[in-house]
Amino acid sequence: MENIYVWEIVKAEETMLQERKLHMEDHRKVLQGNVAELTAKMKKLKMDCQMKANRAQAEGAIVLELKNQFEEFRLKYDRLFDYNQTLRNQMQSISHEVQKIDESNGWSNLKSKLGFPTLENNGKGVDFENATETATECGEHPFSATYSSSSPRHRRPIYQC
């Protein structure tokens, strides 16, 4: 009898072992499925990571190019700003020189020579009939006293045919 009990115990143990093997096999298959799924996700994540790294590298190159362009534009702006300042200073200098010339009666002398009324000729214009004699006395070239018909009032605009 003892053999029978041992035999039954061994049989029960073998049945439990078979059941555990089946259960473990099912569990192993589930785990293998999970591993395969996670491996696929990991590959996808690696590819996404590589794509993002490539994109970041390309965008970094674009950023570097834009920085270089900005630096070039900034240098050009500085050069143009300096040039503008130089031109302003020259214009201001010329303005002061013209003002000095005007103050030294250089402009008034020119006005009186051209026949404009000034304080020197008592507010009277130049006598055009005697202007050639006056001009030759001063050593200047005489100008024509006849009125030219080419004044802007008599000219036809360029765009009219």
Side-chain angles (χ1 to χ4, degrees), residues 22-161:
L22 288 175
H23 180 61
M24 292 301 257
E25 185 67 28
D26 290 341
H27 188 62
R28 185 181 64 83
K29 286 180 182 179
V30 169
L31 289 177
Q32 281 180 339
N34 287 345
V35 167
E37 187 180 314
L38 290 173
T39 304
K41 283 184 180 180
M42 190 171 71
K43 281 184 181 179
K44 185 178 183 283
L45 289 173
K46 281 184 180 179
M47 288 177 57
D48 288 347
C49 181
Q50 185 63 34
M51 285 175 43
K52 287 181 181 180
N54 291 343
R55 188 180 307 144
Q57 186 178 10
E59 288 175 357
I62 291 171
V63 166
L64 185 62
E65 184 179 333
L66 289 174
K67 282 182 181 179
N68 290 339
Q69 270 185 340
F70 171 77
E71 188 63 26
E72 288 175 15
F73 286 141
R74 190 184 62 79
L75 291 173
K76 186 174 183 177
Y77 171 81
D78 289 345
R79 283 193 305 268
L80 290 173
F81 186 80
D82 291 342
Y83 183 65
N84 187 9
Q85 286 299 109
T86 303
L87 290 177
R88 285 178 185 253
N89 291 340
Q90 288 175 354
M91 285 180 57
Q92 191 175 19
S93 173
I94 290 170
S95 174
H96 288 301
E97 289 177 16
V98 167
Q99 195 174 23
K100 287 178 185 176
I101 290 172
D102 193 27
E103 288 172 359
S104 67
N105 287 335
W107 189 249
S108 333
N109 289 338
L110 179 62
K111 287 184 208 174
S112 64
K113 287 178 184 177
L114 292 176
F116 291 104
T118 59
L119 293 176
E120 289 87 23
N121 60 16
N122 295 324
K124 297 179 183 174
V126 173
D127 181 15
F128 285 104
E129 293 177 10
N130 296 325
T132 50
E133 296 167 12
T134 308
T136 51
E137 288 173 11
C138 295
E140 298 170 357
H141 296 286
F143 57 89
S144 173
T146 61
Y147 186 73
S148 172
S149 66
S150 65
S151 71
R153 205 168 21 145
H154 298 292
R155 287 190 201 143
R156 197 186 296 171
I158 295 173
Y159 55 87
Q160 289 181 352
C161 295

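From a predicted model like this one, the values you see are computed outputs, not experimental measurements.
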Residue pairs meeting side chain to side chain donor-acceptor pair (under 3.5 Å), one or both in residues 36-52, sequence neighbours left out, come to Gln50-Asn54

Atom NE2 in His27, atom CG in Leu22: separation rounded to 0.5 Å? 14.5 Å

Can you check whether Met91's main-chain N or O pairs, donor with acceptor, with Ser95's side chain at less than 3.5 Å? no

Quick one: CG on Asp26 to NZ on Lys29, what's the gap to the nearest 0.5 Å? 6.5 Å

Any side chain to side chain donor-acceptor pair (under 3.5 Å) involving residues 55-67? Give me the pairs, sequence neighbours left out, ordered by first then second residue. none

Show me, pair by pair, the donor-acceptor contacts under 3.5 angstrom made by side chains of residues 72-79, not counting sequence neighbours?
from  : atom 1 : to    : atom 2 : distance (Å)
Arg74 : NH1    : Asp78 : OD2    : 3.2
Arg74 : NH2    : Glu71 : OE2    : 2.4

Rounding to 0.5 Å, atoms CD (Gln92) and CZ (Arg88) come to a distance of 10.0 Å

